[in-house]
Amino acid sequence: MTDHVAPLPPSPLPRWRDTALDPGSRADALLREMTLREKIAQLFGVWVGASDEGAEVAPHQHDMEEAVDLDALLPDGLGQLTRPFGTVPVDPALGALSLMRTQARIAAANRFGIPAVAHEECLAGFAAWGATAYPVPLSWGATFDPELIREMAGAIGRDMRAVGVHQGLAPVLDVVRDARWGRVEETIGEDPYLVGTVATAYVRGLESAGIVATLKHFAGYSASRAGRNLAPVGMGRRELADVILPPFEMAVRESGVRSVMHAYTDTDGIPSAADDALLTGLLRDTWGFAGTVVADYFGIAFLKTLHGVAGTFGEAAATALAAGVDVELPTVKTFGAPLLDAVEKGTVSEELVDRAVRRVLVQKAELGLLDPDWSPVPAVLEGVDTTAAPEALRGTVALDPDRNRALAARVAERAVVLLRNDGVLPLDAAPRRIALIGPTAEAPTAVLGCYSFPVHVGGQHPDVALGIELPTLHEALRAEFPAAGITVAAGTGIDDAATDGFAEAVALARDADLVVAALGDRAGLFGRGTSGEGCDAGSLVLPGAQQQLLDALLDTGTPVVAVLLSGRPYALGRAADEAAAVVQSFFPGEAGTGAIASVLSGRTEPSGRLPVSVPRHPGAQPSTYLAARLGHAGEVSSIDPTPAFGFGHGLTYTSFAWSGLAVESPTAPTDGTFHLSLTVRNTGARPGTEVVQLYLHDPVASVVQPLQRLIGYARLDLAPGEERRLHVAVPADLASFTGRDGLRTVEPGALELRLGPSSTTPLLTAHVTLTGPPRPVDHHRRLHPEFTLDPAPVP
């Protein structure tokens with residue numbers, strides 16, 4: 001006998017509005033109510049620009065797309081709004097008002113009252129006018145400090161959420177395979193473990209602020225042939241599985257990420273946007289990803305126009321939808337009328353549409369966009385009279401407050417890499433005469449990557465102020481060394497190959513006590529810069545005549561400190577051996593020049609480490625430290641790819657001693673764990689940070705392996721004379737790789753666990769052996785070693 005349960009009274013709200021239900025149930029309830037047109041409307045975005053007068057957004061006319069008629073679209077609803085803040089310069093408060101009014105219009109126009117998801121770029125900070133410009137991802141990698149990057153991402157996310165944005169198109173998890181590729185600045189480095197750990201931290205920070213993070217570009221984009229943007233990817237399944245995919249796998253498993261963006265490229269003839277084995281089989285069925293897959297901009301249309309695997313836009317839509325792409329960005333092209341027509345004709349199943357729409361609606365439910373009390377008013381406008389004259393709001397929202405600038409400075413300082421130093425640094429006693437020579441000396445935007453707002457959008461509006469303070473390197477050095485006489489000359493342009501300024505530069509250098517050579521890149525898009533999307537390099541020679549200028553400065557005999565503000569590593573010629581010092585900073589953001597100056601003076605201790613190798617020869621590409629034995633120098637080739645400065649390298653102003661390596665047991669089963677410990681002591685007179693890097697070398701394996709690969713790292717901040725005992729637990733899973741059968745396996749045999757401050761400086765090596773049978777592992781395997789420190793001694 002069962003208890004009689006009285007039926008619940010009918011809810012006054014539709015089930016999809018009921019916040020007591022889980023998002024999936026709410027999405028299912030709404031989906032049952034929607035027409036085909038209403039469903040498809042949730043699967044695309046519209047590119048808009050917020051109004052600087054606070055009016056509703058205006059559709060953005062892009063040269064790749066036709067104009068969009070919002071009045072015709074909105075009665076069926078709208079999935080996304082593309083970059084309302086990142087399309088034209090707009091005051092943040094008035095942009096928030098414009099977005100608010102547009103969301104109200106969108107909700108009012110469709111019968112369910114559903115607003116759109118607003119997304120923005122956030123690759124180096126919120127890409128909006130007046131928002132903090134943080135260092136680019138290559139600098140994130142240089143910090144070797146995931147927790148700091150998580151803190152930064154949280155700050156970025158909070159600023160975005162406060163003005164009404166829901167989704168951020170970051171981070172980039174592409175692993176650098178060829179430094180000539182223009183988008184190297186957007187990556188975190190050339191090692192999958194470093195990329196995975198830092199990117200996962202960034203996602204956690206962004207998601208903690210309520211922003212949907214987007215992993216990109218899935219997968220293989222960075223391995224395009226010859227480093228050319230969008231070129232075909234020539235890569236075997238083991239390189240894909242062991243180098244390209246691990247960062248994405250780590251982020252999906254550990255970060256709570258809710259969106260993934262497909263790559264533009266094709267791998268072995270299959271475009272990522274059409275790869276169901278990748279977007280559905282691996283990402284969803286194996287890894288368990290439950291969020292949305294969004295198109296890289298125009299990527300679905302590219303199946304027809306660039307890849308030639310679809311004859312019509314309807315076929316492109318059908319192919320992408322079946323593969324697992326849920327949302328077309330940036331604007332409607334294939335998922336609008338062509339998809340509707342295909343479904344109505346029966347060439348595309350409505351179940352595929354429902355699959356994608358459900359994922360979109362689940363995410364909207366998670367964001368609160370289906371709640372009965374949803375309001376279009378963003379946090380920055382709560383309690384504000386939005387009916388008053390919009391001009392009264394101008395200047396009332398700050399996206400670059402002091403706390404952001406301080407955080408940007410911390411990241412920039414920690415990312416500065418001291419590559420070489422003959423003792424000239426730090427400049428404790430400032431030289432009386434400094435000659436600051438080079439094309440980045442007085443360029444405010446020399447610290448910004450191509451996806452920072454002042455470069456990405458601001459360059460198209462030269463009459464609009466930058467919106468943030470960007471001290472030049474000249475200004476930063478004057479502030480850091482107020483007693484020094486600083487003379488300045490460009491010498492040459494960044495990429496104009498001009499040499500007529502050499503004479504002045506050399507004269508100033510000869511008359512100085514120290515030369516600071518300010519060199520590097522100009523970020524841009526599609527050939528309008530020397531670094532950035534579509535700005536690929538033929539070789540890794542410094543752009544223009546900068547190498548000749550650097551050589552001329554070295555010839556003067558005055559000590560030269562080369563300072564690189566760049567988006568990729570460059571070969572430095574003689575300077576790698578002859579410069580008094582070399583300082584590398586990868587587009588360090590608005591606080592970058594101050595960070596560099598503070599490292600030069602010694603006010604900040606350098607602690608950055610290279611996330612990419614710096615080549616010795618500009619033509620030895622593609623080359624990364626992850627090469628197999630035959631990829632390193634040898635008698636079989638006249639090209640020597642040995643770097644001038646290897647992955648993980650970075651000097652400090654102190655010294656460290658590593659000692660006392662102990663291995664608890666030199667053998668472990670293939671499902672076991674090795675336990676190591678070592679002592680690191682600061683033997684110098686200054687505080688400093690040592691980055692303990694753990695590399696695995698597998699001497700004999702069933703398939704060719706890289707000579708070594710990073711499997712863990714830890715930052716140790718040590719005072720002068722301080723020492724700490726560090727313990728490391730290394731699971732056998734970290735020795736796994738993709739075998740001949742395409743499955744990931746832990747094989748028995750001898751291994752070397754190398755510990756050192758860089759990939760080129762192993763200081764301690766543990767010789768260990770895995771025993772027992774080969775053991776297959778999958779996506780549930782352990783991904784990290786465990787580092788623990790003995791308690792610090794009590795003073």
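Model, not experiment: these values are computed from the prediction.
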Return each pair, listed once, that meets ring-ring contact (aromatic ring centres under 6.0 Å, His included) where at least one residue sits in residues 73-93; pairs must be two or more places apart or across chains. F85-F126
Just to verify, what does [X] make a side-chain hydrogen bond (donor to acceptor under 3.5 Å, both in side chains) with, not counting sequence neighbours?
X    : result
E382 : none
T386 : none
E121 : K216

Using the ring-ring contact (aromatic ring centres under 6.0 Å, His included) criterion, which residues pair with [X]? Sequence neighbours excluded.
X    : answer
Y451 : H456
F112 : W16
F44  : none
H217 : Y221

Count the heavy atoms belonging to other residues, nucleotides or ligands that lie under 6.0 Å from CZ of R37, then report whether that count exceeds 12. no
Could you tell me whether the side chains of W47 and T87 share a donor-acceptor contact shorter than 3.5 Å?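 Their side chains do contain a donor-acceptor pair, which is all the 3.5 Å distance test asks for.
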CG/L466 to OG1/T445 distance, rounded to the nearest 0.5 angstrom?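 Answer for the CG-OG1 pair, L466 versus T445, is 7.5 Å.
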CG on D326 to NE2 on H262, rounded to 0.5 Å: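 Output value for this atom pair is 10.5 Å.
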Donor-acceptor pairs under 3.5 Å, side chain of residues 300-309 to any protein atom, not counting sequence neighbours: which ones?
{"from": "T305", "atom 1": "OG1", "to": "A301", "atom 2": "O", "distance (Å)": "3.3"}
{"from": "H307", "atom 1": "NE2", "to": "Y264", "atom 2": "O", "distance (Å)": "2.8"}

Counting only pairs under 3.5 Å, give me each side-chain donor-acceptor contact of residues 69-81, with atom names and distances, residues two or more places apart or in other chains.
{"from": "D69", "atom 1": "OD1", "to": "D71", "atom 2": "N", "distance (Å)": "3.1"}
{"from": "D69", "atom 1": "OD1", "to": "A72", "atom 2": "N", "distance (Å)": "3.4"}
{"from": "D71", "atom 1": "OD1", "to": "R105", "atom 2": "NH2", "distance (Å)": "2.5"}
{"from": "Q80", "atom 1": "OE1", "to": "H119", "atom 2": "ND1", "distance (Å)": "2.7"}
{"from": "Q80", "atom 1": "NE2", "to": "Q167", "atom 2": "OE1", "distance (Å)": "3.1"}

List the steps, then state whether salt bridge (Lys or Arg N to Asp or Glu O under 4.0 Å) holds for E56 with R101. CA-CA 6 Å; E56 291 177 2; R101 289 174 170 172; over 6 Å; no
Which pairs, with at least one residue in residues 24-34 and sequence neighbours excluded, count as a salt bridge (Lys or Arg N to Asp or Glu O under 4.0 Å)? R26-D371, D28-R358
Has T200 got a side-chain atom pairing as donor or acceptor with G196's backbone, closer than 3.5 angstrom? yes
Is there a donor-acceptor pair under 3.5 Å between the side chain of E120 and the backbone N or O of L169?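 Looks like no, no N/O pair under 3.5 Å.
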Pairing of D536 and R183 as salt bridge, 4.0 angstrom limit: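 No, this pair does not count.
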Donor-acceptor contacts under 3.5 Å from residues 130-138 side chains, at least two apart:
{"from": "T132", "atom 1": "OG1", "to": "L399", "atom 2": "O", "distance (Å)": "3.1"}
{"from": "T132", "atom 1": "OG1", "to": "D400", "atom 2": "OD1", "distance (Å)": "2.6"}
{"from": "T132", "atom 1": "OG1", "to": "N404", "atom 2": "ND2", "distance (Å)": "3.1"}

Could you tell me whether the side chain of L206 reaches within less than 4.5 Å of the side chain of V257, counting heavy atoms only? no
Give the C-alpha distance, both sets of side-chain angles, the deciding distance and a yes or no for salt bridge (Lys or Arg N to Asp or Glu O under 4.0 Å) between E328 and K333. CA-CA 8 Å; E328 180 178 24; K333 180 71 173 182; over 6 Å; no
